[in-house]
> 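The structure under discussion is supplied below as C-alpha coordinates; questions concerning it will follow.
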Protein chains: 2
Amino acid sequence: MNYKESHTLILNNIARFIDLTELEKQKYLSLLTEIKVKKKAFLMQAGDIAKYEYFITKGCLKVYTLDEDGAPHISMFAVEDYWTGDMASFMTKEPTHYFIKATEHSELLGISRANYDLLFQEIPKFERFYRILYQRSLVSYIRRSNHGISLNAEERYIAFKKKYPKITNRITQKDLAAYIGITPEFMSKIISKVNRM
Amino acid sequence: MNYKESHTLILNNIARFIDLTELEKQKYLSLLTEIKVKKKAFLMQAGDIAKYEYFITKGCLKVYTLDEDGAPHISMFAVEDYWTGDMASFMTKEPTHYFIKATEHSELLGISRANYDLLFQEIPKFERFYRILYQRSLVSYIRRSNHGISLNAEERYIAFKKKYPKITNRITQKDLAAYIGITPEFMSKIISKVNRM
DNA sequence: GAAAAAAAATGAACTAGTTTAAGACTTTTA
DNA sequence: TAAAAGTCTTAAACTAGTTCATTTTTTTTC
(Lines give C-alpha, C1' and ligand atoms only; values in the text may rest on other atoms or scores of the structure.)
Protein backbone atom coordinates (compact mmCIF):
# COMPACT_ATOMS: atom_id res chain seq x y z
CA MET A 1 0.00 0.00 0.00
CA ASN A 2 1.23 3.46 -0.88
CA TYR A 3 0.52 6.29 1.55
CA LYS A 4 0.87 10.03 1.27
CA GLU A 5 3.68 11.64 3.27
CA SER A 6 1.57 12.76 6.24
CA HIS A 7 0.02 9.30 6.57
CA THR A 8 3.41 7.58 6.49
CA LEU A 9 4.60 9.96 9.21
CA ILE A 10 1.73 9.23 11.59
CA LEU A 11 1.77 5.47 10.92
CA ASN A 12 5.51 5.36 11.68
CA ASN A 13 4.87 7.30 14.86
CA ILE A 14 2.33 4.69 15.95
CA ALA A 15 4.48 1.75 14.84
CA ARG A 16 6.95 2.74 17.59
CA PHE A 17 4.61 1.06 20.13
CA ILE A 18 2.08 -1.18 18.36
CA ASP A 19 1.81 -3.19 15.12
CA LEU A 20 -1.22 -2.61 12.94
CA THR A 21 -2.53 -4.77 10.11
CA GLU A 22 -3.10 -3.14 6.75
CA LEU A 23 -6.83 -3.10 7.48
CA GLU A 24 -6.35 -1.46 10.86
CA LYS A 25 -4.16 1.22 9.27
CA GLN A 26 -6.92 2.02 6.76
CA LYS A 27 -9.50 2.11 9.53
CA TYR A 28 -7.32 4.37 11.70
CA LEU A 29 -6.58 6.83 8.90
CA SER A 30 -10.30 7.02 8.10
CA LEU A 31 -10.89 8.41 11.61
CA LEU A 32 -8.53 11.37 11.08
CA THR A 33 -9.25 14.86 9.76
CA GLU A 34 -6.74 16.93 7.77
CA ILE A 35 -6.27 20.46 9.05
CA LYS A 36 -4.27 23.42 7.73
CA VAL A 37 -3.44 26.57 9.71
CA LYS A 38 -1.83 29.68 8.26
CA LYS A 39 0.95 31.47 10.10
CA LYS A 40 -0.44 33.55 13.02
CA ALA A 41 -3.79 31.73 12.87
CA PHE A 42 -5.20 30.03 15.96
CA LEU A 43 -5.87 26.31 16.14
CA MET A 44 -7.41 26.83 19.58
CA GLN A 45 -8.24 29.76 21.86
CA ALA A 46 -9.06 29.99 25.57
CA GLY A 47 -12.78 29.40 26.01
CA ASP A 48 -13.03 26.88 23.14
CA ILE A 49 -13.86 23.24 23.77
CA ALA A 50 -10.93 21.19 22.43
CA LYS A 51 -12.57 19.31 19.56
CA TYR A 52 -9.44 17.43 18.48
CA GLU A 53 -6.12 16.04 19.53
CA TYR A 54 -3.51 16.88 16.90
CA PHE A 55 -0.51 15.32 15.22
CA ILE A 56 1.72 17.80 13.38
CA THR A 57 2.85 16.75 9.90
CA LYS A 58 4.32 20.10 8.88
CA GLY A 59 5.13 23.46 10.46
CA CYS A 60 5.44 24.80 13.98
CA LEU A 61 2.92 25.92 16.60
CA LYS A 62 3.19 27.44 20.07
CA VAL A 63 0.96 26.23 22.92
CA TYR A 64 0.47 28.84 25.64
CA THR A 65 -1.70 30.33 28.37
CA LEU A 66 -2.08 33.96 29.40
CA ASP A 67 -1.72 34.79 33.11
CA GLU A 68 -3.82 37.40 34.95
CA ASP A 69 -1.47 40.17 33.76
CA GLY A 70 -1.90 39.00 30.17
CA ALA A 71 1.66 37.66 29.94
CA PRO A 72 2.04 34.52 27.80
CA HIS A 73 3.55 31.31 29.18
CA ILE A 74 4.50 28.91 26.41
CA SER A 75 4.34 25.27 27.48
CA MET A 76 5.54 23.71 24.24
CA PHE A 77 6.56 24.27 20.66
CA ALA A 78 4.95 21.58 18.52
CA VAL A 79 6.74 20.67 15.29
CA GLU A 80 6.61 17.77 12.81
CA ASP A 81 6.02 14.35 14.41
CA TYR A 82 4.72 15.86 17.69
CA TRP A 83 1.31 15.36 19.31
CA THR A 84 -0.46 18.38 20.78
CA GLY A 85 -3.79 19.73 22.00
CA ASP A 86 -5.38 20.27 25.40
CA MET A 87 -6.06 16.85 26.83
CA ALA A 88 -7.93 18.23 29.85
CA SER A 89 -10.50 20.04 27.70
CA PHE A 90 -10.58 17.21 25.12
CA MET A 91 -11.48 14.68 27.82
CA THR A 92 -13.80 16.73 30.04
CA LYS A 93 -15.39 18.81 27.26
CA GLU A 94 -14.88 21.89 29.43
CA PRO A 95 -13.47 25.13 27.96
CA THR A 96 -9.71 25.22 27.49
CA HIS A 97 -7.36 27.79 29.03
CA TYR A 98 -4.92 27.37 26.16
CA PHE A 99 -4.09 29.11 22.94
CA ILE A 100 -2.44 27.23 20.10
CA LYS A 101 -1.11 29.51 17.40
CA ALA A 102 0.86 28.63 14.26
CA THR A 103 4.26 30.32 14.08
CA GLU A 104 4.62 28.91 10.54
CA HIS A 105 2.15 27.65 7.96
CA SER A 106 1.27 24.24 9.43
CA GLU A 107 -0.49 21.00 8.55
CA LEU A 108 -1.99 18.59 11.06
CA LEU A 109 -4.02 15.43 11.43
CA GLY A 110 -6.74 15.67 14.05
CA ILE A 111 -8.77 13.00 15.82
CA SER A 112 -12.15 14.08 17.20
CA ARG A 113 -13.39 13.00 20.63
CA ALA A 114 -16.07 10.77 19.08
CA ASN A 115 -13.51 9.03 16.87
CA TYR A 116 -11.03 8.74 19.75
CA ASP A 117 -13.65 6.83 21.77
CA LEU A 118 -14.56 4.77 18.71
CA LEU A 119 -10.90 3.94 18.15
CA PHE A 120 -10.64 2.05 21.44
CA GLN A 121 -13.73 0.02 20.58
CA GLU A 122 -12.66 -0.80 17.05
CA ILE A 123 -8.93 -1.34 17.64
CA PRO A 124 -8.35 -2.03 21.37
CA LYS A 125 -4.60 -2.14 20.70
CA PHE A 126 -4.78 1.66 20.80
CA GLU A 127 -5.31 1.51 24.59
CA ARG A 128 -1.75 0.21 24.67
CA PHE A 129 -0.51 2.85 22.22
CA TYR A 130 -1.92 5.67 24.32
CA ARG A 131 -0.89 4.01 27.58
CA ILE A 132 2.72 4.05 26.41
CA LEU A 133 2.46 7.50 24.78
CA TYR A 134 1.07 9.07 27.97
CA GLN A 135 3.57 7.20 30.13
CA ARG A 136 6.44 8.60 28.08
CA SER A 137 4.96 12.11 28.02
CA LEU A 138 4.66 11.93 31.78
CA VAL A 139 8.29 10.84 32.15
CA SER A 140 9.59 13.62 29.91
CA TYR A 141 7.27 16.15 31.52
CA ILE A 142 8.46 15.24 35.01
CA ARG A 143 12.07 15.20 33.85
CA ARG A 144 11.73 18.65 32.29
CA SER A 145 10.06 20.34 35.21
CA ASN A 146 12.47 18.70 37.61
CA HIS A 147 15.47 19.65 35.53
CA GLY A 148 14.34 23.23 35.17
CA ILE A 149 13.86 23.79 38.88
CA SER A 150 17.50 23.93 39.96
CA LEU A 151 18.83 25.80 36.92
CA ASN A 152 18.93 29.56 36.52
CA ALA A 153 17.63 31.27 33.37
CA GLU A 154 20.99 31.20 31.56
CA GLU A 155 21.40 27.47 32.21
CA ARG A 156 17.83 26.77 31.07
CA TYR A 157 18.52 28.67 27.83
CA ILE A 158 21.73 26.72 27.17
CA ALA A 159 19.94 23.43 27.94
CA PHE A 160 17.07 24.27 25.56
CA LYS A 161 19.43 25.24 22.76
CA LYS A 162 21.35 22.00 23.20
CA LYS A 163 18.24 19.82 23.34
CA TYR A 164 16.29 21.52 20.53
CA PRO A 165 18.84 23.21 18.24
CA LYS A 166 16.47 23.09 15.24
CA ILE A 167 13.52 24.58 17.12
CA THR A 168 15.74 27.34 18.55
CA ASN A 169 16.36 28.60 15.02
CA ARG A 170 12.68 28.52 14.05
CA ILE A 171 11.24 30.66 16.86
CA THR A 172 11.63 34.27 18.01
CA GLN A 173 13.68 35.24 21.05
CA LYS A 174 10.50 36.64 22.56
CA ASP A 175 8.71 33.28 22.34
CA LEU A 176 11.75 31.52 23.73
CA ALA A 177 11.67 33.92 26.70
CA ALA A 178 7.99 33.07 27.27
CA TYR A 179 8.96 29.37 27.27
CA ILE A 180 12.03 29.73 29.50
CA GLY A 181 9.99 31.83 31.91
CA ILE A 182 11.73 35.22 31.77
CA THR A 183 11.19 38.64 30.17
CA PRO A 184 12.28 39.26 26.56
CA GLU A 185 14.69 41.92 27.88
CA PHE A 186 16.48 39.47 30.13
CA MET A 187 16.50 36.86 27.34
CA SER A 188 18.25 39.39 25.12
CA LYS A 189 20.87 39.99 27.80
CA ILE A 190 21.48 36.27 28.28
CA ILE A 191 21.87 35.62 24.57
CA SER A 192 24.38 38.42 24.07
CA LYS A 193 26.30 37.17 27.12
CA VAL A 194 26.32 33.54 25.95
CA ASN A 195 27.42 34.57 22.43
CA ARG A 196 30.27 36.64 23.87
CA MET A 197 31.60 33.60 25.74
CA MET B 1 -15.55 -11.97 49.03
CA ASN B 2 -14.10 -10.21 52.05
CA TYR B 3 -10.91 -8.24 51.63
CA LYS B 4 -8.52 -6.66 54.06
CA GLU B 5 -8.55 -2.86 54.26
CA SER B 6 -5.54 -2.25 52.02
CA HIS B 7 -6.96 -4.55 49.34
CA THR B 8 -10.35 -2.83 49.41
CA LEU B 9 -8.58 0.51 49.02
CA ILE B 10 -6.60 -0.50 45.93
CA LEU B 11 -9.54 -2.33 44.33
CA ASN B 12 -11.73 0.72 44.77
CA ASN B 13 -8.99 2.85 43.26
CA ILE B 14 -8.96 0.61 40.19
CA ALA B 15 -12.74 0.37 40.00
CA ARG B 16 -12.79 4.10 39.16
CA PHE B 17 -11.77 3.19 35.59
CA ILE B 18 -12.30 -0.53 34.91
CA ASP B 19 -14.54 -3.35 36.19
CA LEU B 20 -12.85 -6.55 37.29
CA THR B 21 -14.42 -9.97 37.84
CA GLU B 22 -13.87 -11.66 41.20
CA LEU B 23 -11.28 -13.91 39.57
CA GLU B 24 -9.40 -10.97 38.06
CA LYS B 25 -9.33 -9.25 41.44
CA GLN B 26 -7.75 -12.32 43.01
CA LYS B 27 -5.25 -12.57 40.18
CA TYR B 28 -4.36 -8.89 40.45
CA LEU B 29 -3.87 -8.96 44.21
CA SER B 30 -1.63 -12.01 43.86
CA LEU B 31 0.76 -9.90 41.77
CA LEU B 32 1.26 -7.33 44.56
CA THR B 33 3.83 -7.21 47.35
CA GLU B 34 3.13 -5.73 50.78
CA ILE B 35 5.75 -3.25 51.95
CA LYS B 36 6.22 -1.38 55.24
CA VAL B 37 8.54 1.58 55.78
CA LYS B 38 9.35 3.13 59.11
CA LYS B 39 9.42 6.89 59.56
CA LYS B 40 12.63 8.37 58.09
CA ALA B 41 13.41 5.14 56.19
CA PHE B 42 13.98 5.23 52.44
CA LEU B 43 11.80 3.39 49.96
CA MET B 44 14.14 4.43 47.19
CA GLN B 45 17.45 6.29 46.87
CA ALA B 46 19.24 7.90 43.92
CA GLY B 47 21.29 5.25 42.16
CA ASP B 48 18.79 2.43 42.83
CA ILE B 49 16.89 0.76 40.03
CA ALA B 50 13.17 1.30 40.74
CA LYS B 51 11.99 -2.26 41.39
CA TYR B 52 8.34 -1.37 42.06
CA GLU B 53 5.58 1.09 41.44
CA TYR B 54 3.77 1.80 44.71
CA PHE B 55 0.25 2.36 45.97
CA ILE B 56 0.10 3.91 49.46
CA THR B 57 -2.41 2.33 51.84
CA LYS B 58 -1.24 4.13 54.98
CA GLY B 59 1.17 6.95 55.93
CA CYS B 60 2.97 9.71 54.08
CA LEU B 61 6.14 9.82 51.98
CA LYS B 62 8.08 12.58 50.26
CA VAL B 63 9.45 12.14 46.74
CA TYR B 64 12.44 14.36 45.99
CA THR B 65 15.69 14.94 44.12
CA LEU B 66 18.84 16.70 45.27
CA ASP B 67 20.32 19.38 43.02
CA GLU B 68 24.07 19.98 42.48
CA ASP B 69 24.21 22.07 45.66
CA GLY B 70 22.59 19.25 47.64
CA ALA B 71 19.32 21.16 48.08
CA PRO B 72 16.19 18.97 48.05
CA HIS B 73 13.33 19.57 45.60
CA ILE B 74 10.19 17.74 46.63
CA SER B 75 8.00 16.79 43.68
CA MET B 76 5.16 15.19 45.61
CA PHE B 77 3.84 14.12 48.99
CA ALA B 78 2.30 10.66 48.63
CA VAL B 79 -0.45 9.75 51.10
CA GLU B 80 -3.18 7.09 51.31
CA ASP B 81 -4.80 6.23 47.95
CA TYR B 82 -1.92 7.76 45.92
CA TRP B 83 0.34 6.03 43.39
CA THR B 84 4.06 6.81 43.46
CA GLY B 85 7.49 5.61 42.32
CA ASP B 86 9.89 6.62 39.56
CA MET B 87 8.29 5.59 36.33
CA ALA B 88 11.33 6.51 34.25
CA SER B 89 13.61 4.16 36.18
CA PHE B 90 10.88 1.53 36.51
CA MET B 91 10.42 1.40 32.74
CA THR B 92 14.00 1.80 31.52
CA LYS B 93 15.68 -0.10 34.37
CA GLU B 94 18.21 2.73 34.62
CA PRO B 95 19.22 4.17 38.01
CA THR B 96 16.79 6.66 39.52
CA HIS B 97 17.61 10.26 40.49
CA TYR B 98 14.93 10.19 43.19
CA PHE B 99 14.71 9.64 46.89
CA ILE B 100 11.47 8.46 48.47
CA LYS B 101 11.46 8.79 52.25
CA ALA B 102 8.67 8.07 54.72
CA THR B 103 7.70 11.09 56.82
CA GLU B 104 5.40 8.78 58.84
CA HIS B 105 5.29 5.03 59.36
CA SER B 106 3.83 3.89 56.04
CA GLU B 107 2.36 0.83 54.34
CA LEU B 108 2.32 0.22 50.61
CA LEU B 109 1.43 -2.27 47.91
CA GLY B 110 4.09 -2.64 45.25
CA ILE B 111 3.97 -4.14 41.78
CA SER B 112 7.28 -5.36 40.35
CA ARG B 113 8.27 -4.73 36.75
CA ALA B 114 7.93 -8.42 35.87
CA ASN B 115 4.41 -8.52 37.34
CA TYR B 116 3.49 -5.23 35.67
CA ASP B 117 4.37 -6.72 32.27
CA LEU B 118 2.56 -9.93 33.18
CA LEU B 119 -0.51 -7.96 34.21
CA PHE B 120 -1.07 -6.64 30.67
CA GLN B 121 -0.84 -10.17 29.26
CA GLU B 122 -3.14 -11.73 31.85
CA ILE B 123 -5.70 -8.93 32.16
CA PRO B 124 -5.46 -6.67 29.09
CA LYS B 125 -8.11 -4.38 30.64
CA PHE B 126 -5.23 -2.94 32.66
CA GLU B 127 -3.89 -1.25 29.51
CA ARG B 128 -7.05 0.84 29.77
CA PHE B 129 -6.64 1.40 33.49
CA TYR B 130 -3.10 2.70 33.07
CA ARG B 131 -3.98 4.63 29.93
CA ILE B 132 -6.58 6.59 31.91
CA LEU B 133 -4.41 6.85 35.04
CA TYR B 134 -1.47 8.28 33.09
CA GLN B 135 -3.75 10.55 31.10
CA ARG B 136 -5.15 12.02 34.30
CA SER B 137 -1.72 12.31 35.90
CA LEU B 138 -0.54 14.16 32.83
CA VAL B 139 -3.48 16.56 33.00
CA SER B 140 -2.95 17.33 36.69
CA TYR B 141 0.79 17.58 36.21
CA ILE B 142 0.43 20.05 33.37
CA ARG B 143 -2.20 21.98 35.30
CA ARG B 144 0.03 22.20 38.37
CA SER B 145 3.17 23.32 36.58
CA ASN B 146 1.17 25.78 34.53
CA HIS B 147 -0.63 27.15 37.52
CA GLY B 148 2.57 27.53 39.53
CA ILE B 149 4.37 29.50 36.87
CA SER B 150 2.48 32.79 37.17
CA LEU B 151 2.09 32.77 40.97
CA ASN B 152 4.62 34.12 43.45
CA ALA B 153 5.72 32.06 46.47
CA GLU B 154 3.03 33.43 48.78
CA GLU B 155 0.28 32.64 46.27
CA ARG B 156 1.68 29.15 45.72
CA TYR B 157 1.64 28.54 49.48
CA ILE B 158 -1.97 29.70 49.79
CA ALA B 159 -2.98 27.55 46.81
CA PHE B 160 -1.28 24.46 48.29
CA LYS B 161 -2.90 24.95 51.68
CA LYS B 162 -6.29 25.31 50.04
CA LYS B 163 -5.88 22.28 47.78
CA TYR B 164 -4.29 19.95 50.35
CA PRO B 165 -5.34 21.16 53.83
CA LYS B 166 -4.81 17.70 55.37
CA ILE B 167 -1.34 17.22 53.92
CA THR B 168 -0.34 20.73 55.04
CA ASN B 169 -0.87 19.67 58.64
CA ARG B 170 1.10 16.43 58.29
CA ILE B 171 4.38 17.85 56.93
CA THR B 172 7.06 20.20 58.22
CA GLN B 173 7.39 23.78 57.05
CA LYS B 174 10.83 22.90 55.76
CA ASP B 175 9.46 20.16 53.50
CA LEU B 176 6.71 22.45 52.31
CA ALA B 177 9.38 25.03 51.39
CA ALA B 178 11.23 22.36 49.38
CA TYR B 179 7.98 21.61 47.56
CA ILE B 180 6.97 25.24 46.94
CA GLY B 181 10.49 25.96 45.69
CA ILE B 182 11.80 28.48 48.24
CA THR B 183 14.11 28.53 51.27
CA PRO B 184 12.78 27.51 54.72
CA GLU B 185 13.58 31.05 55.94
CA PHE B 186 11.38 32.66 53.30
CA MET B 187 8.66 30.05 53.96
CA SER B 188 8.71 31.11 57.61
CA LYS B 189 8.30 34.76 56.62
CA ILE B 190 5.39 33.95 54.31
CA ILE B 191 3.56 31.89 56.93
CA SER B 192 3.85 34.55 59.61
CA LYS B 193 2.67 37.16 57.11
CA VAL B 194 -0.31 35.07 55.94
CA ASN B 195 -1.29 34.29 59.54
CA ARG B 196 -1.16 37.98 60.43
CA MET B 197 -3.60 38.80 57.61
C1' DG C 1 9.98 48.57 -2.13
C1' DA C 2 8.19 52.10 1.27
C1' DA C 3 5.69 52.41 5.40
C1' DA C 4 4.17 50.22 9.38
C1' DA C 5 4.58 46.86 12.80
C1' DA C 6 7.07 43.81 15.47
C1' DA C 7 11.33 42.17 17.55
C1' DA C 8 15.73 42.98 19.68
C1' DA C 9 19.21 45.68 22.35
C1' DT C 10 20.64 48.54 26.11
C1' DG C 11 20.60 50.72 30.53
C1' DA C 12 19.00 52.49 35.11
C1' DA C 13 16.02 51.87 39.02
C1' DC C 14 13.62 48.40 41.45
C1' DT C 15 11.83 43.86 44.01
C1' DA C 16 11.12 38.95 45.23
C1' DG C 17 13.59 35.72 47.09
C1' DT C 18 18.53 34.05 48.90
C1' DT C 19 22.28 33.82 52.09
C1' DT C 20 24.35 33.86 56.37
C1' DA C 21 24.19 33.90 61.11
C1' DA C 22 22.40 33.41 65.64
C1' DG C 23 18.99 32.44 69.18
C1' DA C 24 14.47 30.10 70.62
C1' DC C 25 11.57 26.32 70.42
C1' DT C 26 10.25 21.19 69.59
C1' DT C 27 10.98 16.57 68.78
C1' DT C 28 13.67 12.48 69.04
C1' DT C 29 16.51 9.28 71.24
C1' DA C 30 19.17 6.90 74.70
C1' DT D 1 13.96 12.74 81.41
C1' DA D 2 18.15 14.99 79.90
C1' DA D 3 20.88 15.77 76.02
C1' DA D 4 21.15 16.02 71.22
C1' DA D 5 19.31 16.94 66.91
C1' DG D 6 16.33 19.11 64.15
C1' DT D 7 12.98 22.94 63.13
C1' DC D 8 11.46 27.69 63.27
C1' DT D 9 12.12 32.74 63.63
C1' DT D 10 14.23 37.15 62.75
C1' DA D 11 17.13 40.40 60.53
C1' DA D 12 20.71 42.52 57.55
C1' DA D 13 23.29 42.28 53.26
C1' DC D 14 22.97 40.57 48.74
C1' DT D 15 21.61 38.94 43.67
C1' DA D 16 18.88 37.15 39.77
C1' DG D 17 15.53 38.73 37.30
C1' DT D 18 11.81 42.64 36.40
C1' DT D 19 10.11 47.04 34.88
C1' DC D 20 10.11 50.95 32.27
C1' DA D 21 11.78 53.85 28.75
C1' DT D 22 14.31 54.63 24.48
C1' DT D 23 16.74 53.42 20.17
C1' DT D 24 18.07 50.22 16.52
C1' DT D 25 17.16 46.33 13.59
C1' DT D 26 14.27 43.05 11.27
C1' DT D 27 10.02 41.45 9.38
C1' DT D 28 5.54 42.06 7.48
C1' DT D 29 2.26 44.10 4.59
C1' DC D 30 0.12 46.69 0.98
> Heavy atoms within less than 4.0 Å of DNA chain C: which residues of residues 171-191 of chain A have one? Give them sorted by number.
A/Thr172, A/Gln173, A/Lys174, A/Glu185, A/Ser188, A/Lys189
> Name all residues meeting the side chain to side chain contact (heavy atoms under 4.5 Å, CB included) criterion together with A/Lys93; count only those two or more places apart in sequence or in a different chain, and write none if there are none.
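With sequence neighbours excluded, A/Lys93 shows a side chain to side chain contact (heavy atoms under 4.5 Å, CB included) to A/Ile49, A/Arg113, given in chain and number order.
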> Less than 6.0 angstrom separating the ring centers of A/Phe90 and A/Tyr52, yes or no?
no
> Could you check how far NZ of B/Lys62 sits from C1' of D/dT7, rounded to whole Å?
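Whole-Å distance recorded here is 12 Å.
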> Which pairs, with at least one residue in residues 127-141 of chain A and sequence neighbours excluded, count as a salt bridge (Lys or Arg N to Asp or Glu O under 4.0 Å)?
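Applying salt bridge (Lys or Arg N to Asp or Glu O under 4.0 Å) to every pair that reaches into residues 127-141 of chain A, excluding sequence neighbours, yields A/Glu127-B/Arg128, A/Glu127-B/Arg131, A/Arg128-B/Glu127, A/Arg131-B/Glu127.
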> Working to the nearest 0.5 angstrom, can you tell me the gap between B/Ile171 CD1 and B/Lys166 NZ?
14.5 Å
> Applying side chain to side chain donor-acceptor pair (under 3.5 Å) as the test, list every pair that has at least one member in residues 28-44 of chain B; sequence neighbours left out.
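Passing the test, one end in residues 28-44 of chain B: B/Lys4-B/Glu34.
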> Applying salt bridge (charged side-chain N to carboxylate O under 4.0 Å, His left out), can you list everything that pairs with A/Lys27, at least two apart in sequence or on another chain?
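In terms of salt bridge (charged side-chain N to carboxylate O under 4.0 Å, His left out), with neighbours along the sequence ignored, A/Lys27 is linked to A/Glu122.
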> In sequence, state the C-alpha distance, the side-chain angles, and the governing distance for B/Lys125 and B/Glu24, and then conclude on salt bridge (charged side-chain N to carboxylate O under 4.0 Å, His left out).
CA-CA 10 Å; B/Lys125 258 182 243 179; B/Glu24 287 168 335; 2.8 Å; yes
> So that I know where these two stand, are A/Phe120 and A/Tyr130 an aromatic pair - ring centroids less than 6.0 Å apart?
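A/Phe120 vs A/Tyr130: aromatic centres under 6.0 Å.
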> Quick one: salt bridge (Lys or Arg N to Asp or Glu O under 4.0 Å) pairs with a partner in residues 71-86 of chain A, sequence neighbours left out?
A/Glu80-A/Arg170
> Kindly write out the residues that satisfy ring-ring contact (aromatic ring centres under 6.0 Å, His included) with B/Tyr157, not counting sequence neighbours, or none if the list is empty.
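Partners of B/Tyr157 under the ring-ring contact (aromatic ring centres under 6.0 Å, His included) test: none.
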> So which of residues 67-77 of chain A are in contact with DNA chain C, with a heavy-atom cut-off of under 4.0 Å?
none
> What are the bounds, 5' to 3', of the part of DNA chain C that sits under 4.0 Å from heavy atoms of chain A?
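Contacts span C/dA7 to C/dA12, reading 5' to 3'.
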> With sequence neighbours left out, write down each residue that passes side chain to side chain contact (heavy atoms under 4.5 Å, CB included) with B/Pro72, or none if nothing qualifies.
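Scan of B/Pro72 (side chain to side chain contact (heavy atoms under 4.5 Å, CB included), adjacent residues dropped) gives B/Tyr64, B/Leu66, B/Ala178.
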> Using rotation axes that map the C1' atoms of four end pairs onto the next four (five pairs an end), what angle separates the end axes of the helix from C/dG1-D/dC30 to C/dA30-D/dT1, to 10°?
70°
> Taking only residues two or more places apart in sequence or in another chain, which ones pass salt bridge (charged side-chain N to carboxylate O under 4.0 Å, His left out) with B/Lys189?
none
